[in-house]
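Hydrogens, waters and symmetry mates play no part in the numbers below; they use all other heavy atoms, side chains included. The shown structure was predicted, so the numbers you read here are calculated from the model rather than taken from an experiment.
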2 protein chains.
Amino acid sequence: MSEEPPRRRTIRDVAKAAGVSISTASNALNGIGRTNPETREKVRRIAEQIGFRPNALARSLLTKRSHSIGIITNDTYGRLTLPMTAGVSEALVDHGVSAFLCATNNDPRLAQLHLEALLDKQVDGIIFTATRADLTPPIDLTRLAIPVVYAFAIGPPTAPTFIPDDAQGARLAVQHLLDRGYRRILHITGLEDYLAAQLRAETYRDLAGAELDVLFGEWTEEWGHEAVRLVMERGGDLPEAIFCGSDEIARGVIDALRDRGLKVPEDVAVVGFDNWRVIATQTRPPLTTIDMELKELGRRAGLAMLDLTRGLPVEPGITRLPCSLVVRRSCGA
Amino acid sequence: MSEEPPRRRTIRDVAKAAGVSISTASNALNGIGRTNPETREKVRRIAEQIGFRPNALARSLLTKRSHSIGIITNDTYGRLTLPMTAGVSEALVDHGVSAFLCATNNDPRLAQLHLEALLDKQVDGIIFTATRADLTPPIDLTRLAIPVVYAFAIGPPTAPTFIPDDAQGARLAVQHLLDRGYRRILHITGLEDYLAAQLRAETYRDLAGAELDVLFGEWTEEWGHEAVRLVMERGGDLPEAIFCGSDEIARGVIDALRDRGLKVPEDVAVVGFDNWRVIATQTRPPLTTIDMELKELGRRAGLAMLDLTRGLPVEPGITRLPCSLVVRRSCGA
DNA sequence: ACCAGTTGATAAAAGCTTTTAGCAAAAAAT
DNA sequence: ATTTTTTGCTAAAAGCTTTTATCAACTGGT
């Protein structure tokens with residue numbers, strides 16, 4: 001009936017079992033101070049035997065390092081946040097650091113609540129991530145006593161910031177088309193007030209020449225359809241290739257082209273942006289696209305955070321991380 | 001140069017500023033013990049003024065409740081995990097409880113590492129979530145001293161478990177079709193060894209009659225195409241409606257029907273499963289589908305965890321939470 | 001005026017670890 | 001043989017909070 005809870009072993013248990021003082025046990029386990037090798041091994045063996053694991057709370061209270069960080073995101077959907085979070089964890093887990101994930105839904109009250117809980121728990125730092133780089137956080141993170149890193153979000157110039165290199169990604173896409181001999185390249189993309197859209201469009205113009213203008217619209221399949229309709233209606237030569245600002249747009253474009261009897265990539269080549277697998281692998285043909293390497297982005301943010309919490313210098317300001325090209329079949333085999 | 005870090009205020013600071021002892025300050029702030037109302041107000045006012053917030057680590061060390069829990073997931077993609085996590089947080093944040101998110105990628109080593117970090121940090125409980133309900137966790141969570149709750153995953157019979165009610169969801173879908181007058185209903189779904197697929201198929205057979213057999217296949221758009229091809233080739237009457245096991249399959253089905261000149265919903269109605277917005281809103285026409293209410297699922301798991309950590313009784317075993325029907329246009333306006 | 005009970009506060013212990021300072025014994029140096 | 005140094009270990013403090021036990025002062029009853 002009265003099942004006594006299996007109390008966790010403390011360093012006191014180790015000390016007693018090894019017949020030494022608590023301090024010696026601590027020294028032996030942490031390999032600091034002056035300890036007889038024999039004693040050290042004995043203590044370690046016994047600790048291992050009885051399954052001792054130090055209480056991180058007590059340790060943190062003293063060392064002022066909690067080995068936990070907070071990730072604050074405004075993404076409810078998860079497509080961007082989870083790969084990034086996985087990357088962050090990957091960088092941290094080997095160092096015993098865990099990450100609190102706080103989904104704020106972009107609600108300032110919720111964000112404040114989460115932030116307070118994090119600070120109370122003495123997190124060593126905070127990583128802020130967003131669904132869109134050029135969006136201000138729902139709370140002020142600039143006056144905290146702990147380091148803040150921004151991932152897929154832009155913070156103050158003093159904070160380390162990691163975002164995908166949109167220009168480089170666009171270059172990858174357009175250059176791929178050029179390399180394969182496509183010339184008249186059109187760019188169909190999302191909302192013009194997204195910084196990412198601007199950067200990609202700019203690079204596109206530099207590389208592809210600006211004979212054809214950039215078509216800004218929504219970030220949806222529907223806009224992909226609509227854009228193709230516009231292009232066909234205004235007549236003139238068809239483009240040889242289309243660089244789309246997102247995989248969703250690309251999917252709309254591909255479907256619209258097929259509806260009109262045009263073959264991809266024979267008549268028109270298409271390249272997307274995002275490598276959102278559920279879309280990119282299921283278009284007909286599968287979509288060649290740009291991957292923003294979100295996991296790597298998260299990993300880098302995690303590593304930066306690790307350095308910061310150790311007091312090591314970390315270069316402030318924006319670091320743009322390279323995207324990669326994922327070749328499928330929409331630009332020819 | 002030597003910027004002194006703004007040390008966090010402790011209860012000691014409050015006590016000193018209020019001219020009382022630490023114990024009195026603690027009593028006043030927590031409203032326990034015997035305290036003169038005047039003193040209590042004074043202490044609270046001063047605490048507020050100097051911005052005192054108790055150190056959760058120290059508190060937890062004593063009370064044995066860390067006000068943090070761990071979420072272990074094997075989902076790297078985030079589609080299921082993030083909405084659920086958001087739901088969990090939503091249930092917990094008002095109680096000052098935060099959640100560590102651990103993405104294991106289904107790697108036992110990684111899972112073990114995460115688990116140890118969580119236990120060291122004295123989490124009050126663990127929620128395990130998966131991308132598929134009938135999959136065993138990469139680590140053994142049955143012998144822990146803390147409560148474990150399963151969400152979108154099946155644990156031991158003694159553990160509270162929350163999963164979507166697949167049968168009810170399927171009923172919702174099929175009944176919707178029947179209510180709208182569709183009779184010959186076909187079911188195209190995913191892999192037969194998924195428990196979810198079996199449950200949905202069973203319900204479908206009960207409701208729609210089993211004249212037409214269930215078509216099991218992959219969980220992909222491609223299979224949706226392929227399945228339509230199979231149906232058309234084998235000839236006979238076309239179904240009046242198709243109940244698809246996932247939105248991805250539904251999308252393939254809709255596209256395949258259109259390719260063959262069949263109109264949705266005029267010639268064939270289609271209903272999906274998942275309410276994965278990027279798909280369901282972009283099919284032509286937009287897809288009527290079943291939403292598994294993942295956020296609510298997470299919220300329920302969070303609430304159960306909350307009760308467990310407080311020692312309140314929580315019903316063990318599987319709780320199937322209702323899905324909802326999201327009507328768009330693929331079954332008529 | 002004395003005793004019992006109440007009130008409002010406090011000192012100290014507890015929770016678990018790390019770290020500082022110190023002590024006794026052994027080793028090395030004079 | 002005595003002093004200095006080194007070695008191996010330990011007691012105690014510190015980190016911040018909550019809680020238990022205690023204490024002094026006051027209230028009210030006889």
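Ranked by how close their nearest DNA chain C nucleotide is to the 5' end, B/Val20 and A/Pro54 are led by B/Val20. Taking for each of B/Arg59 and B/Ala25 the nucleotide of DNA chain C with the nearest heavy atom, the 5'-most of the two is the partner of B/Ala25.
Nearest to the side chain of A/Thr24, among D/dC9, C/dT18, D/dC16, sits D/dC9. In this structure, the nucleotide among C/dT18, C/dG8, D/dT17 sitting nearest to the side chain of B/Thr10 is D/dT17. The side chain of B/Ile11 lies closest to D/dT18, out of C/dG15, C/dT18, D/dT18. Among the nucleotides C/dT19, C/dA9, D/dG15, the one closest to any side-chain atom of A/Ser26 is C/dT19. With C/dA9, D/dT17, D/dC9 as the candidates, the nucleotide lying closest to the side chain of B/Phe52 is D/dT17. Minimum atom distance to the side chain of B/Arg34 is reached by C/dG8, of the listed C/dT19, C/dG8, C/dT17. Taking the side chain of B/Lys64 as heavy atoms from C-beta on, and the options D/dT17, C/dG15, C/dT18, the nearest nucleotide is C/dG15. Among C/dT18, D/dA11, C/dT10, the nucleotide with an atom closest to any side-chain atom of A/Ser21 is D/dA11. The side chain of B/Leu61 lies closest to C/dG15 when the candidates are D/dT17, C/dT17, C/dG15.
For the pair A/Asn30 CG and C/dT20 C1', the computed distance is 15 Å after rounding to whole Å. One atom, CG of A/Asn55, and another, P of D/dC16, lie 16 Å apart when rounded to the nearest Å. In this structure, B/Leu62 atom CG and C/dT17 atom P are separated by 14 Å, rounded to whole Å. In this entry the distance linking CZ of A/Arg9 with P of C/dC16 reads 12 Å, nearest Å. Residue B/Ile22 contributes atom CD1, which lies 13 Å from atom C1' of D/dA14 at whole-angstrom precision. Atom CG in A/Leu57 sits roughly 15 Å away from atom C1' in C/dT18 (whole-Å rounding). Rounded to whole Å, atom P of C/dT17 lies 14 Å from atom CD1 of A/Ile32. Summarising the geometry, the separation between NZ on A/Lys42 and P on D/dG8 is reported as 16 Å, rounded to the nearest angstrom.
Under 3.5 Å, the side chains of A/Ser23 and A/Ser26 contain no donor-acceptor pair of N or O atoms.
Side chain of A/Asp124 to main chain of A/Thr309: no donor-acceptor pair is present (N/O by atom type, distance under 3.5 Å, no hydrogens or angles).
Within 6.0 Å of atom CZ in B/Arg12, 12 or fewer heavy atoms from other residues, nucleotides or ligands are found, so the atom counts as exposed in its surroundings.
Side-chain nitrogen and oxygen atoms of A/Thr39 include at least one within less than 4.0 Å of the OP1 or OP2 phosphate oxygen of D/dC9. Considering only side-chain N and O atoms, A/Asn27 lies nowhere under 4.0 angstrom from the phosphate OP1 or OP2 of D/dC9.
Taking a cutoff of 4.0 Å between a charged side-chain nitrogen and a carboxylate oxygen, A/Arg109 and B/Asp94 qualify as a salt bridge. Remark: B/Glu48 does not engage B/Arg45 in a salt bridge, criterion side-chain N to carboxylate O under 4.0 Å. One finds a salt bridge joining B/Asp120 and A/Arg8 here, because a Lys/Arg side-chain nitrogen approaches an Asp/Glu carboxylate oxygen to under 4.0 Å.
The base of C/dA11 lies close enough to the side chain of B/Ser23 for a donor and an acceptor atom to sit less than 3.5 Å apart.
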